[in-house]
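Encoded as structure tokens, the structure appears first; notes follow it.
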Amino acid sequence: MSQSPFFSSFFGDSKNHGGLKGSVRTFPAHTQIYQQGQTADVLYLIERGLVKLTRLAANGREVIAGIRRRHWLIGTTAVLLRREYTYTATTLVRTSLLCIPALYFLDLAKMNCQLSWQLNLSLSREVINLRKRLEANSCMTARDSLECFLRELIQEQEPDELQKTPEYPVPLNNLELAEIIAVTPEHLCRLLKEMEQDRLIRRDKGMLIVSDPTALLRKMES
């Protein structure tokens, strides 16, 4: 479900749902929240952090379906369709989630016109965003796609967190990055070498670090 601050404000205001908000849980990095094929009895609102969605294909290969950020509802489609979870959800960084019981959410979606309308809007936005991403992948260079994705990750940081440290450690490995921007691992290595020469990134013990996040964000504005 597309990212929208509506859901955070809706579930944060007890008047909208009779005071039952659900429980907030904080998960360490690299924690599996739910697994593909499990019964979808809870959906989750990301209050802070990053979640990776993966799917195990028929050939046994794990495919990244997307990265979900703050304000996203995850598990929603499975809950609405009363199906099993389509993906496995795993935290990439320390993540806080509002856990909403599926039956409670379904009752709200049926009875609350405002929530139902926003769900429809979010689904429509997600379809449009998917189309735009497909178009961008066909028009943008691989370097632009990589920089764009890194900027999206950086923008999820709180402003005070960016001020505390001048660098940003990327919570994904090279294989995951290559899959997300649809290039081979070999081509990604060439792109990273270029960015390293431009002093935008550095590598430390196998970890990719954006050495100047503000410079990367300024490139988006220029």
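FYI, the numbering just counts along the sequence from 1.
A search for side chain to side chain contact (heavy atoms under 4.5 Å, CB included) contacts involving Glu62 returns Thr54, Leu56, not counting sequence neighbours. In terms of the side chain to side chain contact (heavy atoms under 4.5 Å, CB included) criterion, residue partners of Arg82 (sequence neighbours excluded) are, by chain and number, Leu103, Leu106. Considering only residues two or more places apart in sequence or on other chains, Asp107 meets the side chain to side chain contact (heavy atoms under 4.5 Å, CB included) condition with none of them.
Contact annotation: the side chain of Phe11 approaches that of Phe105 to within less than 4.5 Å [non-hydrogen atoms, C-beta and beyond]. When side chains are defined from C-beta on, Asn112 counts as touching Phe10, because their heavy atoms get closer than 4.5 Å. Annotation: side chain of Leu123 is not in contact with side chain of Leu119 (no heavy-atom distance under 4.5 Å). Counting only heavy atoms from C-beta outward, the side chains of Phe7 and Ile100 never approach each other to under 4.5 Å. Counting only heavy atoms from C-beta outward, the side chains of Leu216 and Glu147 approach each other to under 4.5 Å.
Nearest heavy-atom pair across Ala40 and Ala102 is O-CB, 3.7 Å. Of all the heavy atoms in Glu84 and Gly37, the pair that sits closest is CD-O, 3.1 Å. Residues Leu43 and Thr76 share a closest heavy-atom pair of CD1-OG1, 3.6 Å. Across all non-hydrogen atoms, the minimal contact from Asn59 to Arg61 is OD1-N, 3.0 Å.
The CG atom of Leu97 sits 8.0 Å away from the CD atom of Glu47 when rounded to the nearest 0.5 Å. Considering CG of Leu92 and CZ of Phe27, their distance stands at 14.0 Å, rounded to 0.5 Å. Considering CG of Leu50 and CZ of Arg68, their distance stands at 11.5 Å, rounded to 0.5 Å.
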For a quick test of your reading: what N or O donor-acceptor pairs under 3.5 Å do the side chains of residues 195-203 make, sequence neighbours left out?
residue	atom	partner	partner atom	Å
Glu196	OE1	Arg203	NE	3.3
Glu196	OE1	Arg203	NH2	2.6
Asp198	OD2	Arg143	NH1	3.4
Asp198	OD2	Arg143	NH2	2.9
Arg202	NE	Glu167	OE2	2.8
Arg202	NH2	Glu167	OE1	2.9

Side-chain donor-acceptor contacts of residues 170-192 below 3.5 Å, not counting sequence neighbours, with atom names and distances?
residue	atom	partner	partner atom	Å
Asn173	OD1	Leu175	N	3.1
Asn173	OD1	Glu176	N	2.8
Glu176	OE1	Asn173	N	2.9
Glu176	OE2	Lys52	NZ	2.4
Glu179	OE2	Ile64	N	2.5
Thr184	OG1	His187	N	3.1

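Grouped with Met207 in one hydrophobic cluster are Ile209, the linkage being side-chain heavy-atom contacts under 4.5 Å among Ile, Leu, Val, Met, Phe, Trp and Tyr residues.
Residue pairs meeting the side-chain hydrogen bond (donor to acceptor under 3.5 Å, both in side chains) criterion with at least one member in residues 86-98, sequence neighbours excluded, are Thr26-Ser96. Residues in residues 34-55 take part in these ring-ring contact (aromatic ring centres under 6.0 Å, His included) pairs, two or more places apart or across chains: Tyr34-Tyr44, Tyr34-Tyr85.
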